[in-house]
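All of these numbers come straight from a predicted model, not from anything done at the bench. Chain letters run A, B, ... following the sequence lines, proteins first and then strands; every chain starts at 1.
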Amino acid sequence: MKKLISDLIKKTCENFDVIIDNQDIEIDRPKALDHGDFSTNIALKLSKQLRQKPREIADQFVKFIGSHSLFSQLEIAGPGFINFFLSSEGRVAQLNEIFSKRECYGHNDSGGQQSLQIEFVSANPTGPLHIGHGRGAAIGDCLARIFSANGWRVTKEFYYNDAGAQINNLALSVQARLKNISPNDADFPEDGYRGDYIVDIAESYTQKHSITVDGKIYKASGDIDDLKNIKEFSIAFLRNEQNQDLANFRTTFDVFTLESSFYENDQIKSVVQNIKNNNYTFEKDNALWLKTTEFGDDKDRVMQKSDGSYTYFVPDVVYHKNKWERGFIRVINEQGADHHSTITRVRAGLQALNIGIPKDWPEYVLHQMVTVTKNNEEVKISKRAGSYVTLSDLISEVGCDATRYFLISRKADSQLVFDIDLAKSNSNENPVYYIQYAHARICAVLSQAKQSAQNISVQDIERLTTKNELQLIKKIIEFPDIVLLAATEKSPHYLATYLKDLASDFHSYYNESKFLIDDANLKKSRITLITAIAIVIQNGLSLLGISAPEKM
RNA sequence: CUGCCCGUAGCUCAACUGGAUAGAGCAACGGCCUUCUAAGCCGUAGGUUACAGGUUCGAUUCCUGUCGGGCAGGCCA
């Protein structure tokens with residue numbers, strides 16, 4: 001429909017010999033009902049070029065376009081907007097699309113089935129997942145669903161930093177617990193992890209448990225002095241726990257990549273050598289530096305320390321080279337904003353390889369911190385101190401649906417406050433129930449109408465004339481735009497906001513109008529409308545990984 | 001000191017990326033269940049969009065500066 005309108009405008013411009021950019025044609029969905037179903041600001045934009053008043057230009061456009069069967073009228077409003085009002089034929093055409101596409105309504109093929117990877121969560125295997133990881137999981141998983149719906153072939157990936165110093169700290173912490181050294185003792189590792197979960201790992205280790213992760217079996221020997229075994233078992237234990245938490249959060253991954261795998265076969269060495277050969281390095285103070293300043297950084301960074309080991313971002317560069325070689329046209333990394341400084345370094349490293357990677361590859365979605373409050377006090381999230389709110393606690397207390405909704409309903413780059421007490425005690429007031437309730441209400445009506453969603457046919461909907469009805473029709477035919485917007489802006493929260501608005505419009509309608517009425521014709525029209533609404537709510541919730549119950 | 005993010009109703013947040021009268025939910029007040037699910041609806045009240053300039057037909061949105069909050073700035077990860 002938008003395409004149709006912009007073609008009409010293009011044709012008009014050609015007729016008047018006006019030269020325009022395709023980008024200059026903006027088709028909007030006005031928020032006010034009496035501003036029509038679509039609007040364009042083309043006349044305002046052309047005002048300067050044509051040296052005419054916007055309303056005069058708009059008038060010529062409207063006269064040229066004339067009448068069209070899909071529109072009941074075109075109107076010039078405000079400073080010079082042209083508003084398009086759908087005719088009932090136009091509405092029928094739009095509603096037919098909903099019923100013919102069903103669970104695919106709203107989807108598009110803008111991605112052209114190209115391959116896209118989204119990496120998210122990527123928590124270190126040094127502790128349980130906390131609420132911050134939950135935000136990453138929710139945003140990343142929703143983005144994956146959204147991009148699939150936009151015609152991308154999506155791979156969801158989790159990267160484990162299982163090779164750094166913090167892993168040694170983990171092993172040492174578990175070993176200390178095995179030796180009955182408590183975190184308060186002076187002997188406890190200085191940078192050790194002090195949380196109670198370390199005790200759980202130690203106990204499991206003592207009992208010689210076996211854990212299977214990603215198809216591999218890890219067996220605890222129970223030997224207190226076997227640090228290598230303690231390390232491997234601890235990682236397996238925590239990875240397994242993280243995967244379970246994520247599964248309970250309806251978040252799954254296609255690929256798990258381990259940082260340790262890049263230390264095999266001299267992969268890091270050869271990448272560093274390539275960068276060296278390309279003259280993007282220099283030696284200073286007995287260390288090897290990367291000239292990141294040539295790629296926009298404010299100072300150069302050490303790649304290889306004087307002791308011969310590599311700094312943390314070097315494996316990241318290798319990992320991203322690996323992603324590139326796997327053929328991903330686009331890679332989106334969802335991370336906490338506290339890691340934003342790595343963006344420049346990773347991109348710089350990839351540029352220094354000189355293998356044709358675009359400057360702005362990979363892309364990043366950064367989410368800001370989640371603050372947790374309980375009893376009106378902030379709960380500090382500190383893994384080392386052992387006090388934090390785990391994702392698993394949150395899911396069991398608040399529920400998967402509500403937690404997911406809450407964590408994606410705000411844009412990623414603003415900080416959010418998660419009030420545990422509110423989420424727990426007043427869980428019925430959580431907005432997600434509001435949306436699900438609208439769906440459940442429709443299902444109840446349909447079941448009493450003995451109306452299966454399968455045999456609806458859109459026919460005459462001229463009887464749908466109330467303000468609520470027109471508003472709802474306008475809203476549901478807007479859905480495909482929102483799906484596209486959420487992808488282009490990499491922002492799932494647009495869907496959350498949209499669904500809440502749609503549910504609100506429906507609840508108003510529900511209170512105003514009855515559906516199971518004697519007037520068979522009107523009844524049929526209304527049933528058609530609410531069935532379409534149910535389809536849209538289902539599709540929208542599905543893109544957010546939230547269930548759409550038929551009864552509540 | 002430098003870079004990035006944020007600042008909107010008492011609180012938590014939106015605002016279709018520059019559009020028309022800045023909107024929801026909590027909290028407050030007043031109404032609506034004999035009728036398809038009241039986890040709902042309707043109404044009242046609540047705003048100098050942190051502040052000061054600039055850009056233009058038009059700014060919560062873009063630019064500059066100031067103030068305030070957060071996060072980074074390591075041969076830690």
Verify the contact: side-chain N or O of [X] to OP1 or OP2 of [N], cut-off strictly under 4.0 Å; return yes or no.
{"X": "A:Arg441", "N": "B:A38", "result": "yes"}
{"X": "A:Tyr434", "N": "B:C41", "result": "yes"}
{"X": "A:Gln448", "N": "B:U37", "result": "yes"}
{"X": "A:Lys305", "N": "B:C76", "result": "yes"}
{"X": "A:Lys411", "N": "B:A15", "result": "yes"}
{"X": "A:Arg301", "N": "B:G74", "result": "yes"}
{"X": "A:Ser414", "N": "B:A14", "result": "yes"}
{"X": "A:Lys500", "N": "B:C13", "result": "no"}
{"X": "A:His493", "N": "B:A15", "result": "yes"}

For [X], which contact category applies under a 4.0 Å heavy-atom criterion: base, sugar-phosphate, or nothing?
{"X": "A:Tyr494", "answer": "base"}
{"X": "A:Ala77", "answer": "base"}
{"X": "A:Met552", "answer": "base"}
{"X": "A:Ser39", "answer": "base"}
{"X": "A:Lys284", "answer": "base"}
{"X": "A:Ile343", "answer": "nothing"}
{"X": "A:Asp285", "answer": "base"}
{"X": "A:Asp413", "answer": "sugar-phosphate"}
{"X": "A:His35", "answer": "base"}
{"X": "A:Tyr510", "answer": "base"}
{"X": "A:Glu259", "answer": "nothing"}
{"X": "A:Glu489", "answer": "base"}
{"X": "A:Glu512", "answer": "nothing"}
{"X": "A:Ser47", "answer": "nothing"}

Between [X] and [Y], does the ring centre distance come in under 6.0 Å?
{"X": "A:Tyr509", "Y": "A:Phe515", "value": "yes"}
{"X": "A:His507", "Y": "A:Tyr437", "value": "yes"}
{"X": "A:Phe85", "Y": "A:Phe38", "value": "no"}

Tell which nucleotide pairs with [N], taking only Watson-Crick or G-U wobble pairs whose two distances are both under 3.5 angstrom.
{"N": "B:C4", "result": "B:G70"}
{"N": "B:G58", "result": "none"}
{"N": "B:A22", "result": "none"}
{"N": "B:U48", "result": "none"}

Separation of the [atom1] atoms in [N] and [M], to the nearest angstrom:
{"N": "B:U8", "M": "B:U60", "atom1": "P", "answer": "15 Å"}
{"N": "B:A77", "M": "B:U61", "atom1": "P", "answer": "41 Å"}
{"N": "B:G7", "M": "B:C51", "atom1": "P", "answer": "13 Å"}
{"N": "B:U66", "M": "B:U44", "atom1": "C1'", "answer": "39 Å"}
{"N": "B:C41", "M": "B:G47", "atom1": "C1'", "answer": "26 Å"}

Exercise. Answer syn or anti for B:C33, where the cut-off is 90° from 0 on the glycosidic torsion.
Key: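 The base of B:C33 is oriented syn (glycosidic angle within 90° of 0).
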Exercise. Have a look at B:U17 and give me syn or anti from its glycosidic angle (syn if within 90° of zero).
Key: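 Syn, since the glycosidic angle lies within 90° of 0.
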Practice problem: To the nearest Å, give me how far apart CZ (A:Arg29) and C1' (B:A20) are. | Solution: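 In whole Å, B:A20 C1' lies 18 Å from A:Arg29 CZ.
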Self-check item: Atom pair distance, as rounded to whole Å: CG in A:Leu499 and C1' in B:G25
Solution: 16 Å
[N] base to [X] side chain: any donor-acceptor pair below 3.5 Å?
{"X": "A:Tyr312", "N": "B:A77", "value": "yes"}
{"X": "A:Asn83", "N": "B:A20", "value": "yes"}
{"X": "A:Ser306", "N": "B:C75", "value": "yes"}

Kindly say whether [Y] contributes a backbone atom to a donor-acceptor pair with the side chain of [X] at under 3.5 angstrom?
{"X": "A:His133", "Y": "A:His130", "value": "yes"}
{"X": "A:Arg404", "Y": "A:Leu544", "value": "yes"}
{"X": "A:Tyr160", "Y": "A:Asn124", "value": "no"}

Exercise. Answer with yes or no whether the side chains of A:Gln436 and A:Asp401 bring together a donor and an acceptor at under 3.5 Å.
Key: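 There is such a pair (donor and acceptor under 3.5 Å, judged by atom type) between the side chains of A:Asp401 and A:Gln436.
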Quiz prompt | SB check A:Arg55 A:Asp59 (cutoff 4.0 Å) | solution =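 Judged by the 4.0 Å cut-off on N to carboxylate O distance, A:Arg55 and A:Asp59 do not form a salt bridge.
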Exercise. Could you give me the CA-CA distance, side-chain angles and deciding distance for A:Lys323 and A:Glu119, then say whether salt bridge (Lys or Arg N to Asp or Glu O under 4.0 Å) is met?
Key: CA-CA 10 Å; A:Lys323 289 186 185 182; A:Glu119 181 206 325; 2.7 Å; yes
Quiz prompt | 5'-most by nearest nucleotide on RNA chain B - A:Val417 or A:Asp298 | solution =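 Its nearest nucleotide being more 5', the pick is A:Asp298.
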Quiz prompt | Pairwise 5' ranking along RNA chain B for A:Phe81 and A:Gly164, keeping only the more 5' one | solution =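 With A:Phe81 and A:Gly164 compared, the 5'-side residue is A:Phe81.
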